[in-house]
**Student:** 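First the structure, which I've put down as C-alpha coordinates, then a few questions once you've had a look.
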Protein chains: 2
Amino acid sequence: MSTKRPVKPADAAAASAKPRAAERIRSMARELFYREGIRAIGVEEIVSRAGVTKPSLYRSYASKDELAAEYLRDYEAEFWKRFEAGAETHPGDPRAQLLAYFRGLAERAVRPGYRGCGLTNAVVEYPGNEHPARKVSQTHKRKLRARLVEMSEAMGAKSPATLADGLLLLLEGTYVSGQLFDRDGPARSLVAVAEQLINSSTR
Amino acid sequence: MSTKRPVKPADAAAASAKPRAAERIRSMARELFYREGIRAIGVEEIVSRAGVTKPSLYRSYASKDELAAEYLRDYEAEFWKRFEAGAETHPGDPRAQLLAYFRGLAERAVRPGYRGCGLTNAVVEYPGNEHPARKVSQTHKRKLRARLVEMSEAMGAKSPATLADGLLLLLEGTYVSGQLFDRDGPARSLVAVAEQLINSSTR
DNA sequence: TGACGATGTTACCGATCGGTACGTATGATT
DNA sequence: AATCATACGTACCGATCGGTAACATCGTCA
(Lines give C-alpha, C1' and ligand atoms only; values in the text may rest on other atoms or scores of the structure.)
Protein backbone atom coordinates (compact mmCIF):
# COMPACT_ATOMS: atom_id res chain seq x y z
CA MET A 1 0.00 0.00 0.00
CA SER A 2 2.95 2.28 0.39
CA THR A 3 3.74 1.96 -3.30
CA LYS A 4 0.17 2.58 -4.38
CA ARG A 5 0.53 6.34 -4.13
CA PRO A 6 3.04 8.46 -6.05
CA VAL A 7 6.30 9.32 -4.40
CA LYS A 8 5.40 12.92 -3.64
CA PRO A 9 3.43 12.21 -0.46
CA ALA A 10 6.29 10.04 0.66
CA ASP A 11 8.78 12.87 0.69
CA ALA A 12 6.28 15.30 2.08
CA ALA A 13 8.51 15.18 5.11
CA ALA A 14 11.13 16.79 2.92
CA ALA A 15 10.96 20.48 2.16
CA SER A 16 9.71 19.94 -1.38
CA ALA A 17 6.02 19.56 -0.45
CA LYS A 18 4.53 21.73 -3.18
CA PRO A 19 1.02 23.10 -2.75
CA ARG A 20 -1.52 21.55 -5.04
CA ALA A 21 -3.75 23.77 -7.16
CA ALA A 22 -6.74 22.74 -5.08
CA GLU A 23 -4.98 23.70 -1.87
CA ARG A 24 -3.87 27.04 -3.25
CA ILE A 25 -7.44 27.72 -4.31
CA ARG A 26 -8.73 26.61 -0.95
CA SER A 27 -6.46 28.87 1.01
CA MET A 28 -6.94 31.84 -1.29
CA ALA A 29 -10.72 31.39 -1.18
CA ARG A 30 -10.55 31.32 2.58
CA GLU A 31 -8.70 34.58 2.72
CA LEU A 32 -10.73 36.43 0.08
CA PHE A 33 -14.15 35.12 1.10
CA TYR A 34 -13.52 36.11 4.67
CA ARG A 35 -12.07 39.55 4.02
CA GLU A 36 -14.33 40.65 1.18
CA GLY A 37 -17.40 38.47 1.50
CA ILE A 38 -18.47 35.50 -0.62
CA ARG A 39 -20.74 37.39 -3.00
CA ALA A 40 -18.13 40.08 -3.55
CA ILE A 41 -15.47 37.67 -4.80
CA GLY A 42 -15.67 36.08 -8.21
CA VAL A 43 -14.10 32.73 -9.02
CA GLU A 44 -11.82 34.38 -11.54
CA GLU A 45 -10.23 36.52 -8.86
CA ILE A 46 -9.66 33.53 -6.62
CA VAL A 47 -7.93 31.40 -9.22
CA SER A 48 -5.91 34.24 -10.73
CA ARG A 49 -4.55 35.31 -7.36
CA ALA A 50 -3.90 31.68 -6.56
CA GLY A 51 -1.84 31.43 -9.74
CA VAL A 52 -4.11 28.85 -11.37
CA THR A 53 -7.14 28.84 -13.65
CA LYS A 54 -10.82 28.12 -13.37
CA PRO A 55 -10.92 24.50 -14.56
CA SER A 56 -8.55 23.63 -11.73
CA LEU A 57 -11.17 24.99 -9.37
CA TYR A 58 -14.06 23.07 -10.87
CA ARG A 59 -12.13 19.83 -10.92
CA SER A 60 -11.87 19.93 -7.15
CA TYR A 61 -15.06 21.76 -6.24
CA ALA A 62 -18.48 21.25 -7.76
CA SER A 63 -19.40 24.92 -7.72
CA LYS A 64 -18.58 28.24 -6.16
CA ASP A 65 -21.23 27.53 -3.55
CA GLU A 66 -19.49 24.30 -2.60
CA LEU A 67 -16.16 26.06 -2.40
CA ALA A 68 -17.79 28.58 -0.08
CA ALA A 69 -19.09 25.75 2.09
CA GLU A 70 -15.60 24.26 2.16
CA TYR A 71 -14.21 27.61 3.22
CA LEU A 72 -16.65 27.70 6.10
CA ARG A 73 -15.70 24.19 7.20
CA ASP A 74 -12.09 25.32 7.35
CA TYR A 75 -13.15 28.43 9.20
CA GLU A 76 -15.09 26.39 11.71
CA ALA A 77 -12.10 24.14 12.41
CA GLU A 78 -9.99 27.18 13.18
CA PHE A 79 -12.72 28.61 15.35
CA TRP A 80 -12.85 25.57 17.58
CA LYS A 81 -9.10 25.55 17.91
CA ARG A 82 -9.24 29.09 19.21
CA PHE A 83 -12.30 28.55 21.30
CA GLU A 84 -10.94 25.49 23.06
CA ALA A 85 -7.45 26.90 23.50
CA GLY A 86 -8.38 28.03 27.01
CA ALA A 87 -9.05 24.44 28.05
CA GLU A 88 -5.33 23.74 28.21
CA THR A 89 -4.29 26.89 30.03
CA HIS A 90 -7.21 26.72 32.45
CA PRO A 91 -8.02 23.04 32.94
CA GLY A 92 -11.13 22.36 34.97
CA ASP A 93 -12.09 26.03 35.06
CA PRO A 94 -14.80 26.63 32.46
CA ARG A 95 -15.27 30.22 33.53
CA ALA A 96 -11.62 31.03 32.96
CA GLN A 97 -11.63 29.10 29.70
CA LEU A 98 -14.55 31.06 28.37
CA LEU A 99 -13.24 34.41 29.51
CA ALA A 100 -9.89 33.65 27.89
CA TYR A 101 -11.62 33.34 24.54
CA PHE A 102 -13.68 36.43 25.23
CA ARG A 103 -10.57 38.40 26.03
CA GLY A 104 -8.90 37.42 22.79
CA LEU A 105 -12.04 38.13 20.81
CA ALA A 106 -12.51 41.57 22.36
CA GLU A 107 -8.96 42.40 21.40
CA ARG A 108 -9.41 41.34 17.78
CA ALA A 109 -12.83 42.91 17.40
CA VAL A 110 -11.62 46.46 18.04
CA ARG A 111 -8.83 46.24 15.52
CA PRO A 112 -9.42 48.12 12.25
CA GLY A 113 -10.50 45.92 9.38
CA TYR A 114 -12.03 43.32 11.66
CA ARG A 115 -14.47 41.15 9.72
CA GLY A 116 -16.34 39.26 12.42
CA CYS A 117 -17.30 35.61 12.14
CA GLY A 118 -17.17 34.12 8.66
CA LEU A 119 -19.98 31.72 9.49
CA THR A 120 -22.26 34.46 10.73
CA ASN A 121 -21.44 36.69 7.78
CA ALA A 122 -22.29 33.94 5.31
CA VAL A 123 -25.79 33.62 6.72
CA VAL A 124 -26.32 37.35 6.35
CA GLU A 125 -25.08 37.16 2.77
CA TYR A 126 -27.38 34.26 1.87
CA PRO A 127 -30.81 34.67 3.48
CA GLY A 128 -32.41 31.82 1.59
CA ASN A 129 -32.24 28.36 3.14
CA GLU A 130 -30.93 26.76 -0.01
CA HIS A 131 -27.28 27.70 0.06
CA PRO A 132 -24.85 24.98 1.22
CA ALA A 133 -22.85 27.54 3.17
CA ARG A 134 -25.90 28.29 5.27
CA LYS A 135 -26.21 24.74 6.48
CA VAL A 136 -22.59 24.67 7.59
CA SER A 137 -23.13 27.86 9.55
CA GLN A 138 -26.37 26.87 11.19
CA THR A 139 -25.05 23.48 12.21
CA HIS A 140 -22.01 25.12 13.70
CA LYS A 141 -23.97 27.68 15.66
CA ARG A 142 -26.16 25.00 17.16
CA LYS A 143 -23.03 23.16 18.21
CA LEU A 144 -21.59 26.32 19.73
CA ARG A 145 -24.79 26.96 21.62
CA ALA A 146 -24.77 23.44 23.02
CA ARG A 147 -21.16 23.90 24.08
CA LEU A 148 -22.06 27.11 25.88
CA VAL A 149 -24.83 25.31 27.73
CA GLU A 150 -22.32 22.69 28.84
CA MET A 151 -19.95 25.32 30.09
CA SER A 152 -22.76 27.21 31.81
CA GLU A 153 -23.73 24.05 33.62
CA ALA A 154 -20.13 23.47 34.60
CA MET A 155 -19.98 27.03 35.95
CA GLY A 156 -22.95 26.24 38.16
CA ALA A 157 -25.46 28.53 36.49
CA LYS A 158 -28.94 28.71 37.97
CA SER A 159 -30.35 28.58 34.45
CA PRO A 160 -27.65 27.24 32.11
CA ALA A 161 -29.80 27.71 29.02
CA THR A 162 -30.41 31.36 29.78
CA LEU A 163 -26.79 32.09 30.58
CA ALA A 164 -25.69 30.29 27.43
CA ASP A 165 -28.14 32.35 25.38
CA GLY A 166 -26.86 35.54 26.94
CA LEU A 167 -23.26 34.62 26.24
CA LEU A 168 -24.10 33.70 22.67
CA LEU A 169 -25.88 37.01 22.13
CA LEU A 170 -22.82 38.81 23.44
CA LEU A 171 -20.57 36.79 21.15
CA GLU A 172 -22.59 37.44 18.03
CA GLY A 173 -23.01 41.04 19.01
CA THR A 174 -19.25 41.38 19.28
CA TYR A 175 -18.64 39.76 15.91
CA VAL A 176 -20.87 42.21 14.14
CA SER A 177 -20.17 45.29 16.25
CA GLY A 178 -16.51 44.94 15.43
CA GLN A 179 -17.45 45.71 11.85
CA LEU A 180 -19.75 48.60 12.75
CA PHE A 181 -17.35 50.61 14.88
CA ASP A 182 -13.81 51.55 14.04
CA ARG A 183 -12.17 51.39 17.47
CA ASP A 184 -13.33 51.89 21.02
CA GLY A 185 -16.37 49.92 19.90
CA PRO A 186 -18.70 48.20 22.37
CA ALA A 187 -16.49 45.12 22.15
CA ARG A 188 -14.19 46.84 24.63
CA SER A 189 -16.80 46.14 27.32
CA LEU A 190 -17.33 42.52 26.33
CA VAL A 191 -15.29 40.92 29.09
CA ALA A 192 -16.67 43.16 31.82
CA VAL A 193 -20.24 42.53 30.74
CA ALA A 194 -19.69 38.80 30.39
CA GLU A 195 -18.18 38.58 33.87
CA GLN A 196 -21.07 40.56 35.25
CA LEU A 197 -23.55 38.28 33.54
CA ILE A 198 -21.80 35.12 34.71
CA ASN A 199 -21.50 36.40 38.26
CA SER A 200 -25.17 37.24 38.55
CA SER A 201 -26.14 33.91 36.96
CA THR A 202 -24.17 31.52 39.13
CA ARG A 203 -24.85 30.56 42.69
CA MET B 1 -49.04 80.08 -5.39
CA SER B 2 -51.82 77.56 -5.47
CA THR B 3 -51.89 77.64 -9.26
CA LYS B 4 -48.14 77.40 -9.57
CA ARG B 5 -48.14 73.62 -9.10
CA PRO B 6 -50.12 71.13 -11.17
CA VAL B 7 -53.51 70.10 -9.94
CA LYS B 8 -52.49 66.60 -8.89
CA PRO B 9 -50.92 67.52 -5.54
CA ALA B 10 -53.95 69.64 -4.77
CA ASP B 11 -56.34 66.74 -4.79
CA ALA B 12 -53.89 64.48 -3.06
CA ALA B 13 -56.42 64.57 -0.28
CA ALA B 14 -58.71 62.75 -2.68
CA ALA B 15 -58.23 59.05 -3.29
CA SER B 16 -56.49 59.58 -6.64
CA ALA B 17 -52.99 60.11 -5.21
CA LYS B 18 -51.05 57.86 -7.56
CA PRO B 19 -47.59 56.68 -6.63
CA ARG B 20 -44.77 58.11 -8.65
CA ALA B 21 -42.26 55.81 -10.34
CA ALA B 22 -39.57 56.94 -7.93
CA GLU B 23 -41.72 56.15 -4.93
CA ARG B 24 -42.68 52.75 -6.27
CA ILE B 25 -39.00 52.00 -6.82
CA ARG B 26 -38.14 53.26 -3.38
CA SER B 27 -40.66 51.10 -1.62
CA MET B 28 -39.92 48.01 -3.71
CA ALA B 29 -36.18 48.47 -3.14
CA ARG B 30 -36.82 48.72 0.57
CA GLU B 31 -38.69 45.44 0.62
CA LEU B 32 -36.35 43.48 -1.67
CA PHE B 33 -33.08 44.82 -0.29
CA TYR B 34 -34.14 43.97 3.22
CA ARG B 35 -35.52 40.53 2.56
CA GLU B 36 -32.95 39.28 0.06
CA GLY B 37 -29.93 41.48 0.65
CA ILE B 38 -28.57 44.35 -1.44
CA ARG B 39 -26.05 42.36 -3.42
CA ALA B 40 -28.59 39.65 -4.17
CA ILE B 41 -31.06 42.01 -5.86
CA GLY B 42 -30.42 43.46 -9.30
CA VAL B 43 -31.84 46.75 -10.42
CA GLU B 44 -33.83 45.02 -13.15
CA GLU B 45 -35.76 43.01 -10.59
CA ILE B 46 -36.56 46.10 -8.59
CA VAL B 47 -37.93 48.10 -11.48
CA SER B 48 -39.79 45.23 -13.11
CA ARG B 49 -41.56 44.32 -9.88
CA ALA B 50 -42.29 47.99 -9.34
CA GLY B 51 -43.91 48.12 -12.77
CA VAL B 52 -41.44 50.62 -14.18
CA THR B 53 -38.15 50.54 -16.08
CA LYS B 54 -34.51 51.19 -15.37
CA PRO B 55 -34.22 54.74 -16.71
CA SER B 56 -36.89 55.74 -14.21
CA LEU B 57 -34.62 54.47 -11.50
CA TYR B 58 -31.55 56.30 -12.69
CA ARG B 59 -33.47 59.53 -13.13
CA SER B 60 -34.17 59.63 -9.42
CA TYR B 61 -31.13 57.84 -8.04
CA ALA B 62 -27.56 58.26 -9.13
CA SER B 63 -26.69 54.60 -8.82
CA LYS B 64 -27.74 51.34 -7.23
CA ASP B 65 -25.43 52.16 -4.33
CA GLU B 66 -27.24 55.45 -3.77
CA LEU B 67 -30.59 53.70 -3.90
CA ALA B 68 -29.28 51.30 -1.28
CA ALA B 69 -28.24 54.22 0.90
CA GLU B 70 -31.71 55.72 0.48
CA TYR B 71 -33.24 52.40 1.51
CA LEU B 72 -31.17 52.46 4.67
CA ARG B 73 -32.23 56.00 5.50
CA ASP B 74 -35.84 54.87 5.24
CA TYR B 75 -35.03 51.84 7.35
CA GLU B 76 -33.40 53.99 10.01
CA ALA B 77 -36.44 56.24 10.24
CA GLU B 78 -38.64 53.24 10.88
CA PHE B 79 -36.21 51.92 13.42
CA TRP B 80 -36.34 55.06 15.52
CA LYS B 81 -40.10 55.07 15.39
CA ARG B 82 -40.13 51.58 16.83
CA PHE B 83 -37.34 52.22 19.27
CA GLU B 84 -38.90 55.36 20.74
CA ALA B 85 -42.42 53.95 20.80
CA GLY B 86 -41.95 52.98 24.45
CA ALA B 87 -41.39 56.60 25.41
CA GLU B 88 -45.12 57.29 25.08
CA THR B 89 -46.39 54.22 26.91
CA HIS B 90 -43.76 54.50 29.65
CA PRO B 91 -42.99 58.20 30.07
CA GLY B 92 -40.15 58.96 32.46
CA ASP B 93 -39.22 55.31 32.80
CA PRO B 94 -36.21 54.61 30.57
CA ARG B 95 -35.89 51.06 31.84
CA ALA B 96 -39.44 50.21 30.86
CA GLN B 97 -39.03 52.02 27.54
CA LEU B 98 -35.96 50.01 26.67
CA LEU B 99 -37.41 46.71 27.77
CA ALA B 100 -40.54 47.38 25.74
CA TYR B 101 -38.43 47.58 22.62
CA PHE B 102 -36.46 44.51 23.68
CA ARG B 103 -39.67 42.56 24.17
CA GLY B 104 -40.93 43.41 20.71
CA LEU B 105 -37.57 42.63 19.16
CA ALA B 106 -37.30 39.27 20.90
CA GLU B 107 -40.70 38.38 19.53
CA ARG B 108 -39.84 39.30 15.96
CA ALA B 109 -36.39 37.71 16.07
CA VAL B 110 -37.67 34.19 16.72
CA ARG B 111 -40.14 34.29 13.87
CA PRO B 112 -39.16 32.28 10.78
CA GLY B 113 -37.73 34.36 7.96
CA TYR B 114 -36.49 37.07 10.29
CA ARG B 115 -33.83 39.14 8.58
CA GLY B 116 -32.28 41.16 11.39
CA CYS B 117 -31.29 44.81 11.08
CA GLY B 118 -30.99 46.15 7.56
CA LEU B 119 -28.30 48.58 8.62
CA THR B 120 -26.19 45.90 10.23
CA ASN B 121 -26.65 43.54 7.31
CA ALA B 122 -25.50 46.19 4.85
CA VAL B 123 -22.19 46.57 6.66
CA VAL B 124 -21.65 42.83 6.53
CA GLU B 125 -22.44 42.86 2.83
CA TYR B 126 -20.04 45.72 2.08
CA PRO B 127 -16.85 45.38 4.12
CA GLY B 128 -15.00 48.14 2.32
CA ASN B 129 -15.34 51.65 3.71
CA GLU B 130 -16.25 53.13 0.37
CA HIS B 131 -19.90 52.19 0.00
CA PRO B 132 -22.43 54.97 0.73
CA ALA B 133 -24.67 52.48 2.52
CA ARG B 134 -21.90 51.84 5.00
CA LYS B 135 -21.72 55.44 6.08
CA VAL B 136 -25.45 55.55 6.75
CA SER B 137 -25.17 52.45 8.91
CA GLN B 138 -22.14 53.51 10.87
CA THR B 139 -23.56 56.93 11.59
CA HIS B 140 -26.78 55.36 12.76
CA LYS B 141 -25.07 52.88 15.06
CA ARG B 142 -23.06 55.61 16.69
CA LYS B 143 -26.29 57.50 17.29
CA LEU B 144 -27.92 54.41 18.75
CA ARG B 145 -24.97 53.85 21.02
CA ALA B 146 -25.15 57.43 22.27
CA ARG B 147 -28.86 57.01 22.91
CA LEU B 148 -28.20 53.88 24.93
CA VAL B 149 -25.66 55.75 27.04
CA GLU B 150 -28.28 58.42 27.72
CA MET B 151 -30.80 55.83 28.80
CA SER B 152 -28.23 54.02 30.91
CA GLU B 153 -27.47 57.25 32.71
CA ALA B 154 -31.17 57.86 33.21
CA MET B 155 -31.47 54.37 34.67
CA GLY B 156 -28.82 55.24 37.17
CA ALA B 157 -26.12 52.91 35.95
CA LYS B 158 -22.85 52.80 37.82
CA SER B 159 -21.02 52.78 34.50
CA PRO B 160 -23.41 54.02 31.81
CA ALA B 161 -20.90 53.43 29.02
CA THR B 162 -20.39 49.80 30.00
CA LEU B 163 -24.09 49.10 30.38
CA ALA B 164 -24.80 50.76 27.04
CA ASP B 165 -22.12 48.64 25.39
CA GLY B 166 -23.58 45.51 26.92
CA LEU B 167 -27.07 46.39 25.76
CA LEU B 168 -25.80 47.17 22.28
CA LEU B 169 -23.98 43.84 22.09
CA LEU B 170 -27.19 42.08 23.11
CA LEU B 171 -29.13 44.00 20.47
CA GLU B 172 -26.75 43.24 17.65
CA GLY B 173 -26.46 39.68 18.83
CA THR B 174 -30.23 39.34 18.66
CA TYR B 175 -30.43 40.82 15.17
CA VAL B 176 -28.00 38.30 13.77
CA SER B 177 -28.97 35.32 15.92
CA GLY B 178 -32.49 35.62 14.64
CA GLN B 179 -31.13 34.68 11.24
CA LEU B 180 -28.95 31.86 12.54
CA PHE B 181 -31.59 29.93 14.45
CA ASP B 182 -35.02 28.93 13.24
CA ARG B 183 -37.08 29.21 16.41
CA ASP B 184 -36.33 28.87 20.09
CA GLY B 185 -33.18 30.82 19.28
CA PRO B 186 -31.18 32.65 21.93
CA ALA B 187 -33.33 35.72 21.32
CA ARG B 188 -35.92 34.09 23.57
CA SER B 189 -33.66 34.89 26.52
CA LEU B 190 -32.99 38.47 25.47
CA VAL B 191 -35.35 40.18 27.88
CA ALA B 192 -34.32 38.06 30.85
CA VAL B 193 -30.64 38.66 30.20
CA ALA B 194 -31.13 42.37 29.62
CA GLU B 195 -33.04 42.72 32.88
CA GLN B 196 -30.36 40.81 34.67
CA LEU B 197 -27.67 43.03 33.19
CA ILE B 198 -29.54 46.23 34.02
CA ASN B 199 -30.29 45.08 37.55
CA SER B 200 -26.69 44.28 38.33
CA SER B 201 -25.51 47.54 36.72
CA THR B 202 -27.73 50.01 38.53
CA ARG B 203 -27.51 51.10 42.12
C1' DT C 1 8.56 2.54 -24.64
C1' DG C 2 3.89 3.21 -24.63
C1' DA C 3 -0.43 3.94 -22.34
C1' DC C 4 -2.76 6.42 -18.79
C1' DG C 5 -4.69 9.37 -15.29
C1' DA C 6 -4.09 13.64 -13.09
C1' DT C 7 -3.20 18.49 -13.66
C1' DG C 8 -2.56 22.36 -16.17
C1' DT C 9 -3.85 25.59 -20.06
C1' DT C 10 -6.49 28.56 -23.79
C1' DA C 11 -10.59 29.97 -25.31
C1' DC C 12 -15.12 30.15 -25.04
C1' DC C 13 -20.35 29.81 -23.47
C1' DG C 14 -25.03 32.01 -22.18
C1' DA C 15 -26.81 34.82 -18.53
C1' DT C 16 -26.89 38.66 -15.92
C1' DC C 17 -24.72 42.69 -14.02
C1' DG C 18 -25.15 48.09 -13.55
C1' DG C 19 -25.87 51.80 -16.56
C1' DT C 20 -27.31 54.80 -20.79
C1' DA C 21 -28.59 56.90 -25.58
C1' DC C 22 -32.59 58.13 -27.60
C1' DG C 23 -37.32 58.41 -28.97
C1' DT C 24 -42.22 59.22 -27.12
C1' DA C 25 -46.29 60.51 -24.45
C1' DT C 26 -48.34 63.78 -21.35
C1' DG C 27 -49.97 68.01 -19.55
C1' DA C 28 -49.71 72.69 -18.18
C1' DT C 29 -48.45 77.50 -20.14
C1' DT C 30 -48.46 81.06 -23.72
C1' DA D 1 -52.78 75.81 -31.58
C1' DA D 2 -47.87 75.94 -30.68
C1' DT D 3 -44.59 75.14 -27.19
C1' DC D 4 -41.74 73.07 -23.86
C1' DA D 5 -40.27 70.76 -19.72
C1' DT D 6 -41.16 66.53 -17.28
C1' DA D 7 -41.60 61.66 -17.03
C1' DC D 8 -41.56 57.40 -19.02
C1' DG D 9 -40.34 53.29 -22.17
C1' DT D 10 -37.58 50.64 -25.99
C1' DA D 11 -33.47 48.93 -26.99
C1' DC D 12 -29.03 48.62 -26.24
C1' DC D 13 -24.04 48.99 -24.14
C1' DG D 14 -19.53 46.79 -22.31
C1' DA D 15 -18.18 44.18 -18.35
C1' DT D 16 -18.42 40.46 -15.54
C1' DC D 17 -20.76 36.54 -13.66
C1' DG D 18 -20.37 31.16 -12.89
C1' DG D 19 -19.20 27.35 -15.59
C1' DT D 20 -17.26 24.25 -19.52
C1' DA D 21 -15.23 22.01 -23.88
C1' DA D 22 -11.01 20.78 -25.90
C1' DC D 23 -6.21 20.49 -25.87
C1' DA D 24 -1.33 20.30 -23.80
C1' DT D 25 1.87 18.50 -20.32
C1' DC D 26 3.57 15.92 -16.70
C1' DG D 27 4.91 11.85 -13.84
C1' DT D 28 4.04 6.90 -13.05
C1' DC D 29 3.58 2.20 -13.89
C1' DA D 30 3.11 -1.82 -17.01
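Letters A, B, ... are given to chains in the order of the sequence lines, protein chains preceding strands, and every chain is numbered from 1.
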**Student:** Not counting sequence neighbours, which residues clear side-chain contact (heavy atoms from CB on, under 4.5 Å) with B:Ser201? List them please.
**Tutor:** A:Gln196, B:Leu163, B:Leu197
**Student:** Partners of A:Arg39 by salt bridge (Lys or Arg N to Asp or Glu O under 4.0 Å), sequence neighbours excluded?
**Tutor:** none
**Student:** Apply side-chain contact (heavy atoms from CB on, under 4.5 Å) to A:Ser189 and list each qualifying residue two or more places apart in sequence or on a separate chain.
**Tutor:** A:Val193, B:Thr162, B:Asp165
**Student:** Rounded to the nearest angstrom, tell me the gap between atom CZ in A:Arg24 and atom C1' in C:dG8.
**Tutor:**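 So the CZ-C1' distance, A:Arg24 to C:dG8, works out to 13 Å.
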**Student:** What is the distance, rounded to the nearest whole Å, between atom CG of B:Leu57 and atom P of D:dG9?
**Tutor:**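 Taking CG of B:Leu57 and P of D:dG9, I get 12 Å after rounding.
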**Student:** Does B:Ser56 put a side-chain nitrogen or oxygen below 4.0 Å from OP1 or OP2 of D:dA7?
**Tutor:** no
**Student:** Side-chain N or O of B:Thr53 less than 4.0 angstrom from OP1 or OP2 on D:dC8?
**Tutor:** no
**Student:** Salt bridge (Lys or Arg N to Asp or Glu O under 4.0 Å) with A:Asp65: which residues, sequence neighbours excluded?
**Tutor:** none
**Student:** Only counting residues at least two apart or in another chain, list the ones meeting side-chain contact (heavy atoms from CB on, under 4.5 Å) with A:Arg59.
**Tutor:**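 Residues passing side-chain contact (heavy atoms from CB on, under 4.5 Å) with A:Arg59: A:Pro55, A:Ser56.
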**Student:** Taking only residues two or more places apart in sequence or in another chain, which ones pass salt bridge (Lys or Arg N to Asp or Glu O under 4.0 Å) with B:Glu125?
**Tutor:**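 Testing B:Glu125 for salt bridge (Lys or Arg N to Asp or Glu O under 4.0 Å), a comparison that skips the adjacent residues, returns none.
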**Student:** Could you state the OH-C1' distance from B:Tyr61 to D:dA7, rounded to the nearest angstrom?
**Tutor:**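 Checked: the OH to C1' distance equals 14 Å.
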**Student:** In plain terms, say whether B:Arg73 and B:Glu76 are close enough for a salt bridge, that is, a side-chain N and a carboxylate O under 4.0 Å apart.
**Tutor:** no
**Student:** I'd like to compare against my own output: the B/S/- annotation of nucleotides 17-26 of chain C with a strict under-4.0 Å heavy-atom distance to protein.
**Tutor:** -BBBB-----
**Student:** Dot-bracket for DNA chain C, please. Rules: Watson-Crick or G-U, both distances under 3.5 Å, ( ) within the strand, [ ] when a pair crosses earlier ones, | for another strand, . otherwise.
**Tutor:** ||||||||||||||||||||||||||||||
**Student:** Round to a whole Å and report the spacing from CD of A:Glu66 to C1' of D:dG19.
**Tutor:**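 From A:Glu66 CD to D:dG19 C1': 15 Å.
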**Student:** Among all residues two or more places apart in sequence or in another chain, which pass the salt bridge (Lys or Arg N to Asp or Glu O under 4.0 Å) test with B:Asp93?
**Tutor:**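 B:Asp93 satisfies salt bridge (Lys or Arg N to Asp or Glu O under 4.0 Å) with no residue once adjacent residues are dropped.
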